[in-house]
Amino acid sequence: MIVIEDVKVTNKGHKQCVICDQEKSEGIHLVEQFICEDCERQIVLTDPDDMYYHYYLKKMRKVRIPTVN
């Protein structure tokens, strides 16, 4: 079982997106982080030649896989 510790849950079940830092209710959990539907869609549709590609790449570096000690 994975415990989601780093996702900030706010009023009415909204969570803070690790990409846009906005509070949203719909999205996915990737490891221990939340990514809203809007950002997920943009990440999937962004071409590597697009100037936003590196922006999303930098933001995705916040997503860390927990290590087992």
Side-chain angles (χ1 to χ4, degrees):
M1 179 170 92
I2 295 175
V3 177
I4 301 171
E5 297 175 0
D6 294 336
V7 175
K8 295 180 184 176
V9 178
T10 59
N11 293 336
K12 299 181 184 177
H14 287 85
K15 299 164 205 80
Q16 186 172 358
C17 175
V18 71
I19 305 296
C20 67
D21 295 319
Q22 294 182 14
E23 296 175 4
K24 305 280 182 92
S25 61
E26 299 296 323
I28 62 170
H29 289 96
L30 183 62
V31 186
E32 295 180 349
Q33 302 294 328
F34 174 75
I35 300 174
C36 72
E37 281 184 342
D38 297 331
C39 288
E40 177 190 4
R41 188 176 307 107
Q42 290 297 355
I43 289 167
V44 171
L45 295 175
T46 300
D47 188 85
D49 295 327
D50 190 305
M51 64 184 220
Y52 285 105
Y53 179 80
H54 292 285
Y55 167 79
Y56 291 124
L57 195 61
K58 181 179 176 182
K59 290 290 196 164
M60 290 295 293
R61 287 189 180 114
K62 291 182 183 178
V63 178
R64 299 285 182 205
I65 298 173
T67 58
V68 178
N69 294 329

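As the structure is a computational prediction, the values presented were derived from the model and not from experiment.
- Once rounded to the nearest 0.5 Å, the distance linking CD1 of Ile28 with CD of Glu40 reads 4.0 Å.
- In this structure, the separation between NE2 on His54 and CE on Met60 is 15.0 Å, given to the nearest 0.5 Å.
- With rounding to the nearest 0.5 Å, the separation of OH in Tyr52 from CD1 in Ile43 is 14.0 Å.
- Applying the 6.0 Å contact sphere to OH of Tyr55 captures more than 12 heavy atoms from other residues, nucleotides or ligands.
- Residues in residues 52-61 take part in these salt bridge (Lys or Arg N to Asp or Glu O under 4.0 Å) pairs, two or more places apart or across chains: Asp21-Lys59.
- Applying the side chain to side chain contact (heavy atoms under 4.5 Å, CB included) criterion to Gln22, with sequence neighbours excluded, gives Cys20, Lys24.
- Scanning for side chain to side chain contact (heavy atoms under 4.5 Å, CB included) contacts around Tyr53 gives Thr46, Pro48, Leu57, with sequence neighbours left out.
- Applying the salt bridge (Lys or Arg N to Asp or Glu O under 4.0 Å) test to residues at least two apart or on different chains, none of the pairs has a partner in residues 47-57.
- Nearest heavy-atom pair, Lys15 versus His29, reported as atom, atom and distance to 0.1 Å: CD-NE2, 3.5 Å.
- To the nearest 0.5 Å, the span separating CD on Glu23 from CZ on Phe34 amounts to 10.5 Å.
- Two residues are said to be in side-chain contact when any heavy atoms from C-beta on lie closer than 4.5 Å; Ile19 and Gln42 fail this criterion.
- Going from atom SG of Cys17 over to atom CD of Gln33 covers 9.5 Å, rounded to the nearest 0.5 Å.
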